[in-house]
Engineer: 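Questions regarding the structure given below will be posed in turn.
Note: hydrogens, waters and symmetry copies are ignored here, and every other heavy atom, side chains too, is used.
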Amino acid sequence: IVVPGLYLPLREYLVLMAGNGQDMLRAYAWYGGRIRLQGVELNPVVYEFGLEYAPANLRAFFRKPTIAMAIDEGRAFVERSRRTYDVILLSYSGATFATGTGSLASTPQFLFTREAFRSYLARLTAGGVLVEAAGVPPDRLPRSLLTFKAALADVDPQLDVKRLVICYAARGREDAEQYAIYHRRPPSAAQVARLEQALSRHNMAVTYSPFTGPKYPALARFVDSGGIDRPLPRLFRARAQDRVHSDDRPFFYFDLNWGAQGGLLVIGYVATLLSALLVAVLFLGVPLWLERSERARTPAGPTAWRDFAGFALLGAGFMLIEVGSIQKFELFLGNPTLTLVAILAVLLVCSATGSFLSTKLFDRGLLTIGRSALLVVAYGALVLVFLNRAMYAAMALPVGVKISLIALVLFPLGFPLGTMFPQLLRRLDPDRRRYIPLALGLNGIFSVFSANFGAIIYLFVGATAVFLLGLACYLALWLDERARRSPAAARRQMMPAPV
């Protein structure tokens, strides 16, 4: 919090994930009115809780002319900001996790991605620095080093990341946590010397700089290797510092190995998946099995499995697209609860409209199940392009405008999503109406399974993969419809049933 001021001239100081202002208080205690402090906190309850704690006297603190707190999502604030900053501090986001209504809320972690670091580099002054508040053991790289390196290559590929990093730690302790400072431009030898002198007065020492030999084992290995990322397959990069974090897979805080927080998270997701599947089978599958004698009176026919597979694909595909959309748009809206409500509302209203009008459209020959499925796949691919590229141009818009834009983007996707289910039910002729509960049960079971399975896919592979898996379900449905209309399939349908 205060180390950058030991060797750099500071004026503008930005604290992201500022909570109730503790880091801002520490900075003010050191710098006083010499700097302008701007905090950003997403959760207003966390900020207001600090104001209600009278001994901290935060109300008077935030009334100072050089202190300001914005209740906003950090990425959106940086995107909208017209200021440049001498320091951008990424504070610890433990308090910010309270914004999540579920364990998968990833909003705070979008502040530690490659795309976020590109935005920070654009908002830093020429002599500005980016500081990550959390330290790491000496046998690990700074958690965001590879991500910073990747963002730097996007913004200014001529700069060498090894010239832009300074690390420091407590003196005389081999296990001391290492802290990193990332510079927008290479620091000078005089600045590093000034920092070393200042740190020595606080029993601390520089463990890496462009002008001193590395005393930080993990970073020394990184420098010796030329700063090359480890050549490991993406899925096997279990530790956070071994990965370049992206908006598609932002899990900055989770080391995905057993015994660590990420390993426990995986166990929790798998337990949730199995529990949800068990409940679905008990309340949907068991009653259907008990009523099998009713269906036995009316044979389903040799190709009925294809109809039932269609209901399963609809259940899985709809939920995977929904889960993928929620995770993608969570960054766009900057609030997990608001995103959940907005996406569910838009998709349910649009699909309900499609379901209501489906019979007219199908009877007039404007739509078929195959055409609707193909529309979902084709337009879904365009939605994915928007989510991965065009969305960033609209990040700075007001929240109300962004929700309207989401509705505009998702309506052409939600409408055909809703047209197919009632038409699959119509396909069950009067002789097979007893099979409607089975069709509904299969749809429900696969919906429950896919909603939870999609969360696990998001954790390991990313939100784009979840969305694409949903589109693949509708692609399979379209291919099945094409197969049904092939000449060979038509001849088989015209053959008399065996006696």
Engineer: Over 60° means perpendicular and under 30° means parallel, so classify the ring planes of Y120 and F117, tilted if in between.
Structural biologist: tilted
Engineer: Please report the interatomic distance CZ(R123) to CG(L14), rounded to the nearest 0.5 Å.
Structural biologist: 10.5 Å
Engineer: Is the backbone N or O of M395 less than 3.5 Å from a side-chain atom of K402, with the two atoms forming a donor-acceptor pair by type?
Structural biologist: yes
Engineer: Passes side chain to side chain contact (heavy atoms under 4.5 Å, CB included), R194 versus Q197? Steps please.
Structural biologist: CA-CA 5 Å; R194 190 157 58 245; Q197 184 178 10; 5.5 Å; no
Engineer: Any pair with a residue in residues 320-350 that passes ring pair (Phe, Tyr, Trp, His ring centres under 6.0 Å), sequence neighbours left out, goes on the list, sorted by first then second residue, please.
Structural biologist: none
Engineer: Heavy-atom distance under 4.5 Å between the side chains of W30 and I1, does that happen here?
Structural biologist: no
Engineer: Do any N or O atoms from the side chain of S325 and from the backbone of I321 form a donor-acceptor pair under 3.5 angstrom?
Structural biologist: yes
Engineer: State the CD1-CG distance between I326 and L347, to the nearest 0.5 angstrom.
Structural biologist: 8.0 Å
Engineer: Run Y458 and V323 through side chain to side chain contact (heavy atoms under 4.5 Å, CB included) and show every step you take.
Structural biologist: CA-CA 9 Å; Y458 175 43; V323 169; 5.7 Å; no
Engineer: To the nearest 0.5 angstrom, please state how far the OG1 atom of T66 sits from the CG atom of L37.
Structural biologist: 6.5 Å
Engineer: With rounding to the nearest 0.5 Å, note down the distance linking CG in L405 to CG in L333.
Structural biologist: 9.5 Å
Engineer: Take V78 and I88, measure what side chain to side chain contact (heavy atoms under 4.5 Å, CB included) needs, and give me the verdict at the end.
Structural biologist: CA-CA 10 Å; V78 172; I88 297 179; 5.6 Å; no
Engineer: Side chains of V165 and Y208: does their closest heavy-atom pair fall under 4.5 Å?
Structural biologist: yes
Engineer: Run V409 and V346 through side chain to side chain contact (heavy atoms under 4.5 Å, CB included) and show every step you take.
Structural biologist: CA-CA 10 Å; V409 169; V346 170; over 6 Å; no
Engineer: Please check: side-chain N/O of S351 versus main-chain N/O of L348, any donor-acceptor pairing under 3.5 Å?
Structural biologist: yes
Engineer: Check whether any side-chain N or O of S81 sits under 3.5 Å from a backbone N or O of F77 as a donor-acceptor pair, and report yes or no.
Structural biologist: no
Engineer: Do the two ring centres, one from Y47 and one from F62, sit under 6.0 Å apart?
Structural biologist: yes
Engineer: Any chance the side chains of N452 and T272 put a donor and an acceptor closer than 3.5 Å?
Structural biologist: no
Engineer: Report the residue from L141, V136, L219 that forms a side chain to side chain contact (heavy atoms under 4.5 Å, CB included) with C167.
Structural biologist: L219
Engineer: Examine distances only and state if a side-chain atom of D86 and a backbone atom of Y13 form a donor-acceptor pair shorter than 3.5 Å.
Structural biologist: no
Engineer: Would you kindly say whether T147 and S144 are connected by a side-chain donor-acceptor distance under 3.5 Å?
Structural biologist: no
Engineer: Starting at NE2 of H245, measure out to CD of E115 and round the result to the nearest 0.5 Å.
Structural biologist: 12.0 Å
Engineer: Please confirm whether the backbone N or O of E196 pairs with a side-chain atom of Y7, one donor and one acceptor, at under 3.5 Å?
Structural biologist: no
Engineer: What's the separation between atom CG in L6 and atom CE in M204, rounded to the nearest 0.5 Å?
Structural biologist: 9.5 Å
Engineer: Looking only at non-hydrogen atoms, find the nearest pair between T419 and S372 and report the distance.
Structural biologist: OG1-OG, 2.9 Å
Engineer: Would you say that more than 12 heavy atoms from the other residues, nucleotides or ligands in this model lie under 6.0 Å from the CZ of F446, or not?
Structural biologist: no
Engineer: State, yes or no, whether a side-chain contact exists between Y216 and P142 at a heavy-atom distance under 4.5 Å.
Structural biologist: yes
Engineer: Enumerate the ring pair (Phe, Tyr, Trp, His ring centres under 6.0 Å) contacts for residues 134-170, please, sequence neighbours excluded, ordered by first and then second residue.
Structural biologist: F148-Y182, Y168-Y179
Engineer: For R163, I'd like to know if atom CZ has over 12 heavy atoms of other residues, nucleotides or ligands within 6.0 Å.
Structural biologist: no
Engineer: Under 3.5 Å, is there a donor-acceptor pair between the side chain of R140 and the main chain of P137?
Structural biologist: no
Engineer: With side-chain hydrogen bond (donor to acceptor under 3.5 Å, both in side chains) as the test, pick out the partner of D247 among K328, R114, R75.
Structural biologist: R75
Engineer: Any sub-3.5 Å donor-acceptor pair from E12's side-chain atoms to Y85's backbone N or O?
Structural biologist: no
Engineer: Looking only at side chains, do T207 and Q178 share a donor and an acceptor under 3.5 Å apart?
Structural biologist: yes
Engineer: Would you say C350 and L410 make side-chain contact, with heavy atoms under 4.5 Å?
Structural biologist: no
Engineer: Quick check: do L471 and V376 have side-chain heavy atoms less than 4.5 Å from each other?
Structural biologist: yes
Engineer: Checking S404 side chain against G400 main chain: does a donor-acceptor pair fall under 3.5 Å?
Structural biologist: yes
Engineer: Taking atom CD as the centre, does E177 end up with more than 12 heavy-atom neighbours from other residues, nucleotides or ligands that are less than 6.0 angstrom away?
Structural biologist: yes
Engineer: Would you check if the side chain of N20 reaches a backbone N or O of F49 as a donor-acceptor pair within less than 3.5 Å?
Structural biologist: no
